[in-house]
Student: 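One structure, as structure tokens, below. Some questions next.
Reminder, nothing fancy here: chain letters follow the sequence lines and each chain counts from 1.
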Amino acid sequence: MPVRLLNTASRSIEEFAPLDPEGRRVKMYTCGPTVYNYAHIGNFRAYIFEDLLQRHLEARGYEVDRVMNLTDVDDKTISGCRHHGVPLADYTQTFKTAFFEDIKTLRIKPASHYPAATAPEYIARMIEMIQGLEAADIAYKAEDGSLYFRISRFPRYGQLAHLNLDELRPSGRISSDEYEKEAVGDFALWKAWTPGDGDVWWESPWGRGRPGWHIECSAMATALLGPQLDIHCGGVDNIFPHHEAEIAQSECFTGKHFSRYWLHCAHLMVEGQKMSKSLGNFYTLRDLLAKGYTGREIRYVLLSVHYRLPLNFTIAGLDAARTALGRIDAWVERLQTLASGCAPAQQEGAAQAKEGFLQALDDDLNISAALGNLFDWIRESNRAMDSGGVSPAEAAGTLAEFQVLNSILEMDAESTTVPAAVLALVEERQAARAAKNWAQSDTLRDAIAEAGWQVKDTKQGAQLTRL
RNA sequence: GGCGGGGUCGCCAAGUGGUAAGGCCGAGCUCUGCAAAAGCUCUACCGCGGGUUCGAUUCCCGCCCCCGCCUCCA
């Protein structure tokens, strides 16, 4: 069964097929972070959705070539570096580094390319594209020296967002310094230098300046993936104007249909409210790690709600995720102990469970149904083990099928190193238990808890989990 | 005002024209020296009002509420 995805462009579920004649390689572009600050969990929700999409496509045999850009020059990065009195590159490097640490913590599979907007080859590409647009009389230079895209030359502008541009309500957000534009909807391709930019500028045929945000993505996407993408992802807020502008620029320059599938991820709320700094519910990944939650717990929460639904991120949800993950861990550990390195035997039930999981994801990444399948499977498997009807080879076979799911979920327990002192206490306690010295055993359990570990006496022996 | 997404058990959340997956929490039981884990069992008439239908949570109409976008916010 093919993968089906909701294409924002058509507003309908479509069967996915890449442009690649062999039907294998998928070109995917995902809007990345603006590195002016630490990314927040709303950003990561989008990146995790994209990770799920990539991993599922790979599980279905596709080869995904993914680009995620880094916006390292824009109004916010410039004001940030000037405020701190450091060069732009130094300022953004801090947050680039943090971003890569964060995606690793969240187990997000790295993209194939992370182009930065300020890299000379991409600045050159942006200038090349703008020149092409100017030659076609689509871009024009305004009085302030900036270049704008004339949207009247691209009638389909607004189609992705289903916006009728004649009915746009004045929002008051159009800054007054853009009065030079011919039409209010025209957007900047190249911004002429102003004193507020300080030493941030590049030479161009139009004088010193810097690229507009939209052209950055068009340039990096087409430079790395060619004129036509299979999938372009981003947050819903990017549909208009950002993705609309990307389409206009790219298609006017290349003459080709830019992206075949557009996928957009809904926003998240925190504790039922819009995340905002003023409400005190604004979380970066680091904030949550500082509260003691782990990357995989946060990953689970961000992953477990369908990408097109608003996700209500709560601390209670993180706690629930911790328990649910513990259940998966316990099951996996139990299977591993039982399998003990035995060669896997074909497991019909496990294979069916795995297929049910993948088929749920085929359906526009229905992760809730997929996880429902997983937990059903876990219960059935536990039940079978309880009744003693599972051989080591069968346990190994079950684990092998689970690994396929896990290549998508990446839910392995954090590797924990148990301190030697704690291990010694556990051994001592095992001896006390063997001698039926329960008082001593309980004292030792308390001591182990003091050290931060919980010991559980399972049928397979003592197990330790972090408290 | 325009466009779009939602309202399903205390919380999170699938799904279907024929009487509702799963996770968390809670209760009871089994197992266990105890605890934990695991297993079993229990807990919803699906925002409101109409309509279509033998039958609607699922289709249609109206209404209420929440959220997002409407020119550089994932």
Side-chain angles (χ1 to χ4, degrees), chain A residues 8 11 30-34 39-50 71 74-76 151 158 161-171 173-175 178 181 184-188 191 212-214 216 233-242 244-245 264-269 272-275 300-301 304-306 308-314 316-317 319-331 333-334 360 363 366-376 378-379 382-387 433 436-439 441-442 445 454-460 463 465:
Chain A
T8 304
R11 307 282 160 138
T30 51
C31 285
T34 299
H40 57 70
I41 52 169
N43 297 309
F44 289 120
R45 197 238 173 144
Y47 306 147
I48 283 184
F49 141 64
E50 291 152 2
T71 298
D74 80 322
D75 291 349
K76 284 178 295 198
I151 61 169
H162 288 199
L163 282 179
N164 181 339
L165 296 173
D166 299 332
E167 292 174 2
L168 282 188
R169 184 189 228 188
S171 72
R173 286 178 63 185
I174 300 160
S175 68
E178 289 182 334
K181 295 191 292 187
V184 73
D186 290 351
F187 54 87
K191 295 182 154 192
W213 178 43
H214 308 309
E216 294 181 11
C233 299
V236 283
D237 53 298
N238 277 158
I239 297 174
F240 192 90
H242 184 53
E244 208 73 70
H264 293 96
C265 155
H267 278 195
L268 64 68
M269 300 201 292
Q273 289 183 293
K274 183 175 182 176
M275 182 166 68
Y300 184 90
V301 170
S304 60
V305 174
H306 185 84
R308 285 191 285 108
L309 255 36
L311 185 159
N312 185 19
F313 188 90
T314 63
D319 291 332
R322 176 171 291 180
T323 314
L325 285 166
R327 180 123 172 262
I328 298 172
D329 293 344
W331 174 63
E333 279 172 27
R334 194 175 176 187
D363 181 17
N366 189 340
I367 188 67
S368 299
L371 288 173
N373 273 313
L374 172 60
F375 282 103
D376 283 339
I378 289 175
R379 187 186 308 105
N382 270 323
R383 200 182 298 166
M385 286 190 281
D386 278 355
S387 67
R433 294 186 72 234
K436 296 198 188 297
N437 185 346
W438 308 127
S441 166
D442 291 348
R445 180 159 58 200
Q454 182 187 35
V455 62
K456 289 179 276 196
D457 301 314
T458 69
K459 281 171 185 156
Q460 288 84 31
Q463 281 185 356
T465 49

Student: Could you tell me the separation between the CZ atom of A:R308 and the P atom of B:C3, rounded to a whole number of Å?
Tutor: 20 Å

Student: Name the closest nucleotide to the A:R11 side chain, picking from B:G4, B:G23, B:G68.
Tutor: B:G4

Student: Taking the P atom in each of B:U41 and B:C3, what is the distance between them to the nearest angstrom?
Tutor: 49 Å

Student: Which whole number of Å gives the distance between the P atom of B:G51 and that of B:A44?
Tutor: 28 Å

Student: Taking the P atom in each of B:G7 and B:U58, what is the distance between them to the nearest angstrom?
Tutor: 12 Å

Student: May I ask which nucleotide in the shown strands pairs with B:U32, Watson-Crick or G-U wobble, both distances under 3.5 Å?
Tutor: none

Student: Between CG of A:L268 and CG of A:N43, what distance do you get to the nearest 0.5 Å?
Tutor: 9.0 Å

Student: Starting the side chain at C-beta, find the nucleotide from B:A36, B:G68, B:C3 nearest to A:H162.
Tutor: B:C3

Student: Over all strands shown, is A:A360 touching base, sugar-phosphate only, or nothing at heavy-atom distances under 4.0 angstrom?
Tutor: nothing

Student: OP1 or OP2 of B:G15 sitting under 4.0 Å from any side-chain N/O of A:N366?
Tutor: yes

Student: Categorize A:D376 for me: base, sugar-phosphate, or nothing, with a 4.0 angstrom heavy-atom threshold over every strand shown.
Tutor: sugar-phosphate

Student: Rounded to the nearest angstrom, tell me the gap between atom OH in A:Y300 and atom P in B:G22.
Tutor: 13 Å

Student: Under 4.0 angstrom, heavy atoms only, what part of the nucleic acid is A:D75 near: base, sugar-phosphate, or nothing?
Tutor: nothing

Student: For B:C42, which nucleotide in any strand shown is its Watson-Crick or wobble partner with both distances under 3.5 Å?
Tutor: B:G26

Student: Could you tell me whether A:A316 contacts a base, only the sugar-phosphate backbone, or nothing, with contacts defined as non-hydrogen atoms closer than 4.0 Å?
Tutor: nothing

Student: Would the base of B:C73 count as contacting A:K274 through its side chain, where contact means a donor and an acceptor less than 3.5 Å apart?
Tutor: no

Student: Among B:A14, B:C24, B:A35, which is the nearest nucleotide to the side chain of A:A369?
Tutor: B:A14

Student: Rounded to whole Å, please give me the gap between NE2 in A:H264 and C1' in B:A74.
Tutor: 10 Å

Student: Tell me whether the rings of A:F187 and A:H214 are parallel (<30°), tilted (30 to 60°) or perpendicular (>60°).
Tutor: perpendicular

Student: Is A:F187 touching bases, backbone alone, or none of the nucleic acid, heavy atoms closer than 4.0 Å?
Tutor: nothing

Student: Looking only at side-chain atoms of A:M269, point me to the closest of B:G39, B:C25, B:C67.
Tutor: B:C67

Student: Could you work out the separation of B:G62 and B:U19 based on their C1' atoms and round it to a whole Å?
Tutor: 26 Å

Student: Output yes when A:K191 and A:D74 qualify as a salt bridge under the 4.0 Å nitrogen-oxygen rule, no when they do not.
Tutor: no

Student: Using whole Å, what does the distance between atom C1' of nucleotide B:C73 and atom OH of A:Y47 come to?
Tutor: 11 Å

Student: Taking the minimum atom-to-atom distance to the side chain of A:S441, which one of B:A74, B:G33, B:C12 wins?
Tutor: B:G33

Student: Specify the separation, in whole Å, of atom CG of A:L268 and atom P of B:C12.
Tutor: 14 Å

Student: Stepwise, does the side-chain contact (heavy atoms from CB on, under 4.5 Å) test hold for A:R45 with A:L311?
Tutor: CA-CA 9 Å; A:R45 197 238 173 144; A:L311 185 159; 3.7 Å; yes

Student: Distance check needed: B:C73 P versus A:E216 CD, whole Å only.
Tutor: 12 Å

Student: Assign A:H306 to base, sugar-phosphate, or nothing according to its heavy-atom contacts below 4.0 angstrom with the strands shown.
Tutor: sugar-phosphate

Student: If we only count heavy atoms from C-beta on, is the A:T30 to A:C233 side-chain gap below 4.5 Å?
Tutor: yes

Student: Where each residue is assigned the nucleotide of RNA chain B containing its nearest heavy atom, which of A:V236 and A:I328 is assigned the position nearer the 5′ end?
Tutor: A:I328

Student: Can you tell me, in whole Å, how much space there is between the P of B:C54 and that of B:G28?
Tutor: 48 Å

Student: Using purine N1 to pyrimidine N3 plus N6-O4 or O6-N4 for Watson-Crick, or N1-O2 and O6-N3 for G-U wobble, both under 3.5 Å, which nucleotide pairs with B:C59?
Tutor: B:G51

Student: Which whole number of Å gives the distance between the C1' atom of B:C65 and that of B:C25?
Tutor: 27 Å

Student: Rounded to whole Å, please give me the gap between NZ in A:K436 and P in B:U32.
Tutor: 11 Å

Student: Which nucleotide sits closest to the side chain of A:N238: B:A38, B:A74, B:G15?
Tutor: B:A74

Student: Counting just side-chain N and O atoms, does A:N382 come under 4.0 Å of either OP1 or OP2 of B:A38?
Tutor: no

Student: I want to verify a distance call: between B:A38, B:A14, B:A35, whose nearest atom is closest to the A:S368 side chain?
Tutor: B:A14

Student: What integer number of Å spans the P atoms of B:U71 and B:C11?
Tutor: 36 Å

Student: Does a distance-only test, which skips hydrogens and angles, find a donor-acceptor pair under 3.5 Å between the side chain of A:D442 and the base of B:G33?
Tutor: yes

Student: Side chain of A:K76: nearest nucleotide among B:C72, B:A74, B:C73?
Tutor: B:C73

Student: Between the base of B:C24 and the side chain of A:R322, is one N or O donor paired with an acceptor at under 3.5 angstrom?
Tutor: no

Student: Please determine, by modelled atom types, if A:N238 and A:H264 share a side-chain donor-acceptor pair under 3.5 angstrom.
Tutor: no

Student: Taking the minimum atom-to-atom distance to the side chain of A:H40, which one of B:U71, B:A38, B:A74 wins?
Tutor: B:A74

Student: Expressed in angstrom and rounded to an integer, what is the separation of A:Q454 atom CD from B:A35 atom C1'?
Tutor: 8 Å

Student: Do any side-chain nitrogens or oxygens of A:R379 fall under 4.0 Å of OP1 or OP2 in B:G23?
Tutor: yes

Student: Can you tell whether the side chains of A:R445 and A:D442 come within less than 4.0 Å, N to carboxylate O?
Tutor: yes

Student: Choosing from B:G33, B:A38, B:A35, which nucleotide comes nearest the side chain of A:W438?
Tutor: B:G33

Student: Tell which nucleotide pairs with B:G4, taking only Watson-Crick or G-U wobble pairs whose two distances are both under 3.5 angstrom.
Tutor: B:C67

Student: Side-chain N or O of A:R327 versus OP1/OP2 of B:G23: is the shortest distance under 4.0 Å?
Tutor: yes

Student: Between A:D329 and A:R334, does at least one N-O distance fall below 4.0 Å, as a salt bridge requires?
Tutor: no

Student: With a 4.0 Å cut-off on heavy atoms, is A:V305 in touch with a base, just the backbone sugar-phosphate, or nothing at all?
Tutor: sugar-phosphate

Student: Side chains of A:D237 and A:H267: closer than 4.5 Å at any heavy-atom pair?
Tutor: yes

Student: Report which part of the nucleic acid A:R383 touches: base, sugar-phosphate, or nothing (heavy-atom distance under 4.0 Å, all strands).
Tutor: sugar-phosphate

Student: Please work out if A:E244 contacts a base, only the sugar-phosphate, or nothing of the nucleic acid, heavy-atom cut-off 4.0 Å.
Tutor: nothing

Student: Which is true for A:G234 with a 4.0 Å heavy-atom rule: it touches a base, it touches only sugar-phosphate, or it touches nothing?
Tutor: sugar-phosphate

Student: Given salt bridge (Lys or Arg N to Asp or Glu O under 4.0 Å), test A:R322 with A:D319 step by step and report yes or no.
Tutor: CA-CA 5 Å; A:R322 176 171 291 180; A:D319 291 332; 5.1 Å; no

Student: Would you measure the distance from the C1' atom in B:A21 across to the matching atom in B:U57 and give it in whole Å?
Tutor: 15 Å

